[in-house]
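Here the structure comes first, spelled out in structure tokens, and everything after it is commentary.
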Amino acid sequence: MKETVLMFAIPDRSVRNDLRNMLAPMKIQVKYVESQQYNRTLASLAGLQPMKELPLPYDGPEFDTPLLIFAGIEDRKLGLIIDALKQYSGCKFPLKAVMTETSRNWAAAYAFIHIKAEHEALH
């Protein structure tokens with residue numbers, strides 16, 4: 001599996017480019033997910049499953065908080081990424097998660113709701 005970071009709700013293109021440039025030396029693929037794709041599974045968005053056409057595009061609200069989901073990234077690299085994100089001043093990323101065997105089958109919209117609820121419960 002190619003190491004991938006899925007980005008959600010980061011409208012500023014310069015922030016998205018900064019993240020790509022930050023992670024490029026680590027050979028990590030970075031994908032920005034548009035709101036029309038929020039009904040797709042995390043696995044398909046990360047390139048682990050074929051992207052199937054769905055009958056209806058997502059038509060719910062845009063996510064209101066930036067979210068990063070890490071797919072297939074080894075622990076050592078994940079630590080380096082988290083440290084780099086803490087130093088980055090262009091944007092804060094309060095919602096971060098690692099894609100698991102369970103969450104890989106979740107739709108992005110469901111993952112966001114679940115991750116945000118967990119984050120709020122912890123804080």
**Q.** Atom pair CD1 (I113) and CD (E118), whose distance is rounded to the nearest 0.5 Å
**A.** 13.0 Å
Q. Counting distance only, does the side-chain N/O of K77 pair as donor-acceptor with the main-chain N or O of M26 below 3.5 Å?
A. yes
Q.
Do L67 and V33 have side chains that approach each other closer than 4.5 Å (heavy atoms only, starting at C-beta)?
A. no
Q) Could you give the distance from SG (C91) to CE (M7), rounded to the nearest 0.5 Å? A) 10.5 Å
Q.
With a 4.5 Å cut-off on side-chain heavy atoms, are L48 and M99 touching?
A. yes
Q | Same cluster (ILVMFWY, side-chain, under 4.5 Å), L23 and F70 | A | yes
Q) What is the distance from atom CG of L42 to atom CZ of R104, rounded to the nearest 0.5 Å? A) 10.0 Å
**Q.** Inter-residue atom distance E34.CD - Q36.CD, 0.5 Å rounding
**A.** 5.5 Å
Q) For Q87, does the CD atom sit with more than 12 other heavy atoms under 6.0 Å from it, leaving out its own atoms? A) no
Q: Keeping the roles fixed (side chain from T100, backbone from S103), state whether a donor-acceptor pair exists under 3.5 Å.
A: yes
Q: Could you check if a side-chain atom of L80 sits within less than 4.5 angstrom of a side-chain atom of R76, using non-hydrogen atoms only?
A: yes
Q: Inspect the surroundings of CG in N21 and state if more than 12 heavy atoms from other residues, nucleotides or ligands are less than 6.0 Å away.
A: yes
Q: First locate atom NZ of K86, then atom CD1 of I81, and finally report the distance between them rounded to the nearest 0.5 Å.
A: 13.0 Å
Q. Is there a donor-acceptor contact under 3.5 Å from the side chain of S14 to the main chain of D12?
A. no
Q: Using modelled atom types only, decide if a donor and an acceptor are shared between the side chain of K96 and the backbone of F93 within a distance under 3.5 Å.
A: yes
Q: Decide yes or no on side chain to side chain contact (heavy atoms under 4.5 Å, CB included) for K116 and L95, but give the supporting numbers first.
A: CA-CA 7 Å; K116 188 173 182 183; L95 301 180; 4.1 Å; yes
Q | Nearest heavy atoms of P11 and R16, plus distance in Å | A | O-NH1, 3.6 Å
Q: Determine whether L19 and N17 make a side-chain contact, defined as any pair of heavy atoms from C-beta on separated by less than 4.5 Å.
A: no
Q) For the residue pair Y38 and Y58, does the interplanar ring angle fall in the parallel (under 30°), tilted (30 to 60°) or perpendicular (over 60°) class? A) tilted
Q: Evaluate the criterion side chain to side chain contact (heavy atoms under 4.5 Å, CB included) for residue pair Q49 and T41; output intermediate values, then yes/no.
A: CA-CA 9 Å; Q49 298 171 340; T41 65; 3.2 Å; yes
Q: Could you point out which residue of K2, M22, E3, R20 forms a side-chain contact (heavy atoms from CB on, under 4.5 Å) with I28?
A: E3
Q.
Please give me the minimum heavy-atom distance between P94 and P66, naming the atom from each residue.
A. CD-O, 4.2 Å
Q) Is W106 linked to I73 within one hydrophobic cluster, defined over Ile, Leu, Val, Met, Phe, Trp and Tyr using a side-chain heavy-atom separation of less than 4.5 Å? A) no
Q) When the ring planes of H114 and Y110 are compared, do they come out parallel, tilted or perpendicular, using 30° and 60° as the limits? A) parallel
Q: Please test I115 against I69 for side chain to side chain contact (heavy atoms under 4.5 Å, CB included), starting from the C-alpha separation and ending with a verdict.
A: CA-CA 10 Å; I115 293 163; I69 296 183; 4.1 Å; yes
**Q.** Near-ring test F8/Y32, centroid separation under 6.0 angstrom
**A.** no
(Q) For a 4.5 angstrom cut-off between non-hydrogen side-chain atoms, does L68 reach I10? (A) yes
Q. Run the side chain to side chain contact (heavy atoms under 4.5 Å, CB included) check on L122 and H119 step by step: do they pass?
A. CA-CA 5 Å; L122 291 172; H119 177 78; 6.0 Å; no
Q | For L45 against A108, the heavy-atom pair lying closest together | A | CD1-CB, 3.9 Å
